[in-house]
Number of protein chains: 2
Amino acid sequence: MTAIKESSTIQENKLYNRSECPVIYVMDKIGGYWKPVILFHLLKGGKRYNELRKLIPTITEKMLIQNLKQLEADGIVRREAKAVVPPYVTYYLTTAGEGLRPVLYAMASWALEDQQNTKGAPAKQLKDFPA
Amino acid sequence: MTAIKESSTIQENKLYNRSECPVIYVMDKIGGYWKPVILFHLLKGGKRYNELRKLIPTITEKMLIQNLKQLEADGIVRREAKAVVPPYVTYYLTTAGEGLRPVLYAMASWALEDQQNTKGAPAKQLKDFPA
DNA sequence: ATAGATACACACTTTAGGGTAAGTACTTGT
DNA sequence: ACAAGTACTTACCCTAAAGTGTGTATCTAT
């Protein structure tokens, strides 16, 4: 999945910075455009694959599983599949994933405040953020 | 700087998600590989352009100003230039930039904990993170 | 027998971010 | 006269992330 090339400068930088800077470390795990959105929804509780699709209409199936697989590999989500047909697969946050809650919250509250101050797009209410 | 193409699906998604999801909003502003590192250093106080270069040895000049300009445009850093030769330019966090401190901190503490739990690279001490 | 539902997998293309390398402006020091 | 310092700028290339489209397995319902 998304093969990477060994020994490009960009990869060396990633490696260097990941060990040096905790923020980069986090970015590596929940960065990209879709992971935060997925986590956002999983904060409200476990979701089936198809549920996530519907909750995030603009994501493609490729991006969805790709990100889910990566999050799983990083120990942030847990996959539970029932051995039935049609398949019944649910994704949950792990303990590590739950640990991201304060991070996501800090981001959300900053964003809301910043959106208001910059008179940008109408601010979404904080109460919409999963408790 | 880094021209973007109008009306590509990826841009539409960005737009949609930025207004829908506060986390994406934040990522848009402090995402990428260098912005967090720059902010990290600016949390310790204003820094000259060349100071930042030395503090972040692996960054290229192009990336440095590019990111500084973007952060400035997003109201996260403030640029102060003295009208002297050779130039003397200092970058500071704005109030909005300072507001990111809890965000960066939440990230850092999660990262440190996660690194220990996953027995990954030796964890950097939290005390190294700027107060 | 055929359509539908679910959770993927895979090949192929596009785009934006990042990297490389070189140049600019303006003054001070030698 | 020329090198050095500072803060950039510009042009070009390469890669990884994201998007597009199609295919698969298995069972149930009609």
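Quick note on labels: first sequence line is chain A, next is B, and so on, each numbered from 1. None of the values given here were measured: they were computed from a predicted structure.
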**OP:** Identify which nucleotide among C:dA7, D:dT9, D:dA7 has an atom closest to any side-chain atom of A:Arg48, counting heavy atoms from C-beta outward.
**Re:**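 Shortest atom-to-atom distance from the side chain points to C:dA7.
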Original post:
Counting side-chain heavy atoms from C-beta on, which of D:dA18, C:dA16, C:dC8 comes nearest to A:Tyr33?
Top reply: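 Closest nucleotide among those given: D:dA18.
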Subject >> Where protein sits on nucleotides 20-30 of chain D, one letter per nucleotide: B base, S sugar-phosphate only, - none, heavy atoms under 4.0 Å >> reply: B-----BB---
Original post:
Short question: side chain of B:Gln70, backbone of B:Asn67 - any donor-acceptor pair under 3.5 Å?
Top reply: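 Absent.
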Original post:
Any donor-acceptor pair under 3.5 Å linking the side chain of B:Arg53 with the backbone of B:Glu61?
Top reply: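 No.
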Subject >> Whichever of A:Tyr91 and B:Gly31 has its nearest DNA chain C nucleotide further upstream toward 5' >> reply: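 The 5'-side residue here is A:Tyr91.
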Original post:
Any ion pair linking B:Lys82 and B:Glu80 (charged N to carboxylate O, less than 4.0 Å)?
Top reply: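 No.
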**OP:** Report yes or no: is the cationic atom of B:Lys47 (NZ for Lys, CZ for Arg) under 6.0 Å from the centre of the six-membered ring of B:Tyr91, at an angle within 45° of the ring normal?
**Re:**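 Geometry flag: not set, cation outside 6.0 Å or 45°.
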Integer-rounded Å distance: [N] [atom2] and [X] [atom1]:
X	N	atom1	atom2	result
B:Met27	C:dA16	CE	C1'	17 Å
B:Gln66	C:dA16	CD	C1'	10 Å
A:Lys47	C:dA7	NZ	P	14 Å
A:Asn67	D:dA16	CG	P	17 Å
B:Tyr88	D:dG5	OH	C1'	14 Å
B:Asp28	C:dA16	CG	P	13 Å
A:Ile65	D:dG19	CD1	P	13 Å
B:Leu68	C:dG18	CG	P	13 Å

Original post:
Got more than 12 heavy atoms from elsewhere within 6.0 Å of CD, A:Glu72?
Top reply: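 Yes, the 6.0 Å shell around CD holds more than 12 heavy atoms from other groups.
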Original post:
Looking at side-chain heavy atoms only, is the closest gap between A:Leu68 and A:Leu52 below 4.5 Å?
Top reply: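 A side-chain contact under 4.5 Å exists here.
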Original post:
Within the structure, does a side-chain N or O atom of B:Asn50 lie under 4.0 Å from either OP1 or OP2 of D:dA7?
Top reply: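 For D:dA7, OP1/OP2 do have a side-chain N/O of B:Asn50 under 4.0 Å.
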**OP:** Check whether any side-chain N or O of B:Gln11 sits under 4.0 Å from OP1 or OP2 of C:dA16, and answer yes or no.
**Re:**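 Answer is yes, contact under 4.0 Å.
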Subject >> For B:Ala106 against A:Val103, the heavy-atom pair lying closest together >> reply: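 Heavy atoms of B:Ala106 and A:Val103 come nearest at O-CG2, 3.4 Å.
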**OP:** Tell me what A:Arg53 touches on the nucleic acid: a base, only sugar-phosphate, or nothing, going by heavy atoms under 4.0 Å.
**Re:**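 Nothing, no nucleic acid heavy atom in range.
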